[in-house]
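Take a look at the structure below.
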2 protein chains.
Amino acid sequence: MASITDVAALAGVSAATVSRALSGNGHVSAATRGKVVEAAETLGYVASSSASSLASGRTRNVGVVVPFVDRWYFSAVIEGAQRALMERGYDLTLYTLREDGAARASVFEQFLLRKRVDAVIAVSLELTEAEVQRLHALHKPLVGIGGPLTGVRTLTIDNPAVARLCTEHLLALGHTRIAFAGGSLDEDGAFDLNLSRRQGFAQAMHGAGIDVPDEDYRSAEYSIDTGYVAAKQLLGRPHGRPTAIVAGSDEVAIGCILAAKDLGMSVPRDVSITGIDDHELAAFFDLTTVAQFPQRQGALAVELLMDDLHPDAADADAAPRSTALPFELVVRGSTARPAP
Amino acid sequence: MASITDVAALAGVSAATVSRALSGNGHVSAATRGKVVEAAETLGYVASSSASSLASGRTRNVGVVVPFVDRWYFSAVIEGAQRALMERGYDLTLYTLREDGAARASVFEQFLLRKRVDAVIAVSLELTEAEVQRLHALHKPLVGIGGPLTGVRTLTIDNPAVARLCTEHLLALGHTRIAFAGGSLDEDGAFDLNLSRRQGFAQAMHGAGIDVPDEDYRSAEYSIDTGYVAAKQLLGRPHGRPTAIVAGSDEVAIGCILAAKDLGMSVPRDVSITGIDDHELAAFFDLTTVAQFPQRQGALAVELLMDDLHPDAADADAAPRSTALPFELVVRGSTARPAP
DNA sequence: GTGAAAGCGCTAACAA
DNA sequence: TTGTTAGCGCTTTCAC
């Protein structure tokens with residue numbers, strides 16, 4: 001494994017010059033740079049990240065903290081972040097935070113403190129006050145995605161607006177009896193994602209002058225199963241069956257579609273259904289949904305962090321602090337006018 | 001950020017003793033260790049990983065290279081590996097390898113060479129000969145999972161046996177006209193996973209003395225869509241319709257189930273279907289499948305690497321080099337005796 | 001634009 | 001068992 005002094009010797013310059021030539025920090029004449037690059041290539045030189053980190057205090061590594069990796073939304077965010085980081089020569093170190101316990105604590109007490117990362121991306125995390133403190137105590141650039149991190153700059157779509165959009169799509173088609181499936185309220189207001197989508201639905205219905213009876217709100221927890229159960233309840237009624245369902249996520253919506261099919265109903269003829277996310281399965285189920293773009297969210301988080309890490313006059317004001325994340329209604333075959 | 005000398009000063013010992021006391025390398029009296037630990041705690045000391053790596057040559061970090069993160073199997077392996085690594089105080093750095101190109105090359109030419117990882121786990125990767133060379137050139141412990149890495153110690157289930165198991169389950173139920181959906185052959189023998197599952201099916205059918213016509217093999221590529229298409233073809237036939245389908249993966253099997261439903265057929269009354277994986281959606285679709293346990297595979301890979309990294313006399317022979325990975329038939333509701 | 005030299009914070013001989 | 005002493009391989013002042 002060639003070291004910087006080997007390269008320096010071969011190129012006939014000092015180690016300092018090699019460092020400057022390869023890192024781009026400091027001025028090196030084009031001629032010297034050429035020699036250095038060539039020497040580095042012939043030797044197959046790659047700088048040791050630990051030596052470089054120790055000397056410079058920068059690791060070129062970003063920590064990504066997620067609650068799960070085996071769920072589509074999270075893995076998509078990770079994928080987007082990883083791609084964006086790799087382009088910039090950064091590594092991605094992954095931390096998963098489960099239920100409480102020693103393992104969870106150690107992420108905050110040990111892992112993130114090792115000076116292994118320059119910045120942290122926290123995805124949809126429900127953190128305690130103490131944990132947020134810990135993150136801030138790192139004094140490292142930090143950005144949240146999709147979650148309710150108080151005091152942390154967070155990228156998130158406008159959830160009420162998204163749910164309103166779904167609802168208004170159905171209203172515009174002529175539906176008036178619309179139910180909502182998603183977001184239980186039992187927890188202590190925990191994840192405001194649930195609540196905010198529900199509120200968006202309520203706003204839209206209110207705006208249309210329609211009263212929604214309590215029985216038309218069914219809770220469902222971001223899974224096909226709970227969506228299935230919710231829809232069975234909604235659609236199995238002898239009277240007052242809704243003609244459309246706004247689901248809080250695509251998983252829930254898919255559960256609703258399957259429940260409708262199992263009841264012998266046809267989507268969208270007997271019931272229209274909308275989702276949120278544009279999950280990888282949404283197209284397959286021909287689901288009308290509002291796409292958010294988790295890969296892009298991951299990439300955007302990386303861009304924000306890079307602005308912090310490399311504050312150039314150029315992009316100083318190029319990337320405003322809180323961008324409203326894009327979302328988009330994707331109309332597929334699960335919604336139509338109600339049967340006359 | 002307290003450093004080791006701060007701890008040493010507070011505990012009234014030398015930096016070397018702090019290092020020994022905290023790392024467990026070398027002998028330290030219980031009394032001294034107590035003082036050191038206490039001092040470290042009051043100062044909130046956590047060793048700098050870069051300094052430690054530079055001095056010791058060990059990073060306490062493992063690289064995991066995957067083709068995708070946003071597919072269930074891969075994300076489950078990652079999750080399992082991450083959990084196992086964290087327990088041992090190791091970090092996980094994630095690399096995704098996409099289509100060819102500069103990004104892909106740079107993983108091998110730059111990222112993995114930075115001395116940032118002590119070992120590498122390669123998941124279901126189809127690597128070129130040159131890329132495998134690169135991995136070996138790292139001279140770091142390396143273990144593959146599920147993929148065909150020539151010359152690399154690889155953890156994989158016995159794919160032919162798994163497919164045989166599915167097939168024999170159906171044969172035992174009384175099916176005789178069984179089709180196979182999965183694993184296209186078009187590529188240059190590329191991923192032997194495809195081929196080997198197909199072969200297992202063929203072996204079982206052959207063993208039962210049943211000839212399978214070519215038309216009963218349909219290719220499908222580990223996705224719901226292609227499974228759906230394959231099943232439509234198989235089940236839509238006016239004559240010689242199979243009474244059961246062995247799918248090469250759960251995604252394909254789910255596609256088959258949906259296709260059957262859309263044709264108005266009932267599963268398992270009109271057609272029995274088996275999958276492979278025990279995907280997170282399998283239970284929901286009530287799919288009979290052969291479970292492999294990707295989380296455990298990730299964890300097992302970590303154990304193997306740890307044996308290499310920390311060769312203790314104790315486990316020297318405790319973990320045999322090539323364990324046959326466990327798999328298990330999970331019989332759910334998608335299979336039954338054929339209609340009489 | 002380039003080199004010399006100091007030092008980042010830790011670990012591992014080697015002594016004591 | 002503990003302290004002393006060199007580095008590990010880079011980056012970054014500070015001169016020139």
Side-chain angles (χ1 to χ4, degrees), chain A residues 1-37 39-40 43-61 89 91 110 113-118 139 309-310, chain B residues 1-37 39-40 43-61 89 91 110 113-118 139 309-310:
Chain A
M1 195 98 279
S3 82
I4 198 170
T5 52
D6 301 328
V7 179
L10 182 57
V13 296
S14 72
T17 300
V18 173
S19 173
R20 284 189 280 252
L22 262 26
S23 71
N25 299 10
H27 299 276
V28 177
S29 73
T32 323
R33 167 173 285 110
K35 282 191 298 182
V36 170
V37 168
L43 294 175
Y45 169 75
V46 178
S48 151
S49 68
S50 24
S52 167
S53 304
L54 181 57
S56 69
R58 288 172 259 104
T59 62
R60 297 190 79 79
N61 189 26
D91 287 316
Q110 304 280 329
L113 296 177
R114 286 177 176 170
K115 289 172 156 282
R116 182 159 280 169
V117 300
D118 290 337
H139 296 300
L309 257 19
H310 310 284
Chain B
M1 193 99 280
S3 81
I4 198 170
T5 51
D6 299 328
V7 179
L10 182 57
V13 297
S14 73
T17 299
V18 173
S19 174
R20 284 188 283 249
L22 261 26
S23 71
N25 298 12
H27 300 276
V28 177
S29 73
T32 329
R33 165 171 287 111
K35 281 192 299 184
V36 170
V37 168
L43 294 175
Y45 169 74
V46 178
S48 150
S49 67
S50 26
S52 169
S53 304
L54 180 57
S56 69
R58 287 172 262 104
T59 63
R60 295 191 80 77
N61 189 26
D91 287 318
Q110 303 281 329
L113 296 177
R114 286 177 176 170
K115 288 171 158 283
R116 182 160 279 169
V117 301
D118 290 337
H139 296 301
L309 256 20
H310 310 285

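In what follows, chains are A, B, ... by sequence order, proteins preceding strands, each numbered from 1. What you see is a predicted model; the values in this text were computed from it and never measured.
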From the options B:Ser50, B:Ser48, B:Ser49, select the one residue that forms a side chain to side chain contact (heavy atoms under 4.5 Å, CB included) with A:Arg114.
B:Ser49
Please tell me which of the listed nucleotides, C:dC10, C:dT2, C:dG7, lies nearest to the side chain of A:Ala55?
C:dG7
Rounded to the nearest angstrom, tell me the gap between atom CG in B:Asn25 and atom C1' in C:dA12.
10 Å
Of the non-hydrogen atoms in B:Asn61 and A:Arg116, which two are nearest, and what is the gap between them?
CB-NH1, 3.6 Å
Start and end of chain A contact along DNA chain D [non-hydrogen atoms, under 4.0 Å]:
D:dG9 to D:dT13
For B:Ala39, check side-chain contact (heavy atoms from CB on, under 4.5 Å) against everything at least two apart and list the hits.
B:Val7, B:Leu10, B:Ala11
Write down the distance between CG (B:Asp6) and P (C:dC10), rounded to a whole number of angstrom.
9 Å
From CG of B:Leu54 across to P of C:dC10 the rounded distance in Å is 12 Å
To the nearest Å, how far apart are B:Met1 CE and C:dG9 P?
11 Å
Which residues satisfy the side-chain contact (heavy atoms from CB on, under 4.5 Å) test with A:Thr5, sequence neighbours excluded?
A:Ser3
Round to the nearest Å and state the distance from B:His27 atom NE2 to C:dT11 atom P.
17 Å
Side-chain donor-acceptor pairs under 3.5 Å in residues 17-28 of chain B, sequence neighbours left out?
{"residue": "B:Thr17", "atom": "OG1", "partner": "B:Ser14", "partner atom": "OG", "Å": "3.2"}
{"residue": "B:Ser23", "atom": "OG", "partner": "B:Ser19", "partner atom": "O", "Å": "2.9"}
{"residue": "B:Ser23", "atom": "OG", "partner": "B:Asn25", "partner atom": "N", "Å": "3.2"}

What pair of heavy atoms forms the shortest contact from A:Lys35 to A:Val13, and how long is it?
NZ-CG1, 4.4 Å
Bend across the helix from C:dG1-D:dC16 to C:dA16-D:dT1, to 10°, with axes taken over 5 pairs at each end?
30°
What's the separation between atom NZ in B:Lys115 and atom CG in B:Leu54, rounded to the nearest 0.5 Å?
8.5 Å
For DNA chain D, which residues in residues 11-24 of chain A have a heavy atom at a distance below 4.0 Å?
A:Ala16, A:Ser19, A:Arg20
Quick check on C:dT2: is either OP1 or OP2 less than 4.0 Å from any side-chain nitrogen or oxygen of A:Thr32?
yes
Keeping the roles fixed (side chain from B:Thr59, backbone from B:Asp118), state whether a donor-acceptor pair exists under 3.5 Å.
yes
Using atom NZ of A:Lys35 as one end and atom P of C:dG1 as the other, report the distance to the nearest whole Å.
15 Å
Could you check whether B:Arg58 gets within reach of a base, just the sugar-phosphate, or nothing at all, counting any heavy atom under 4.0 Å?
sugar-phosphate
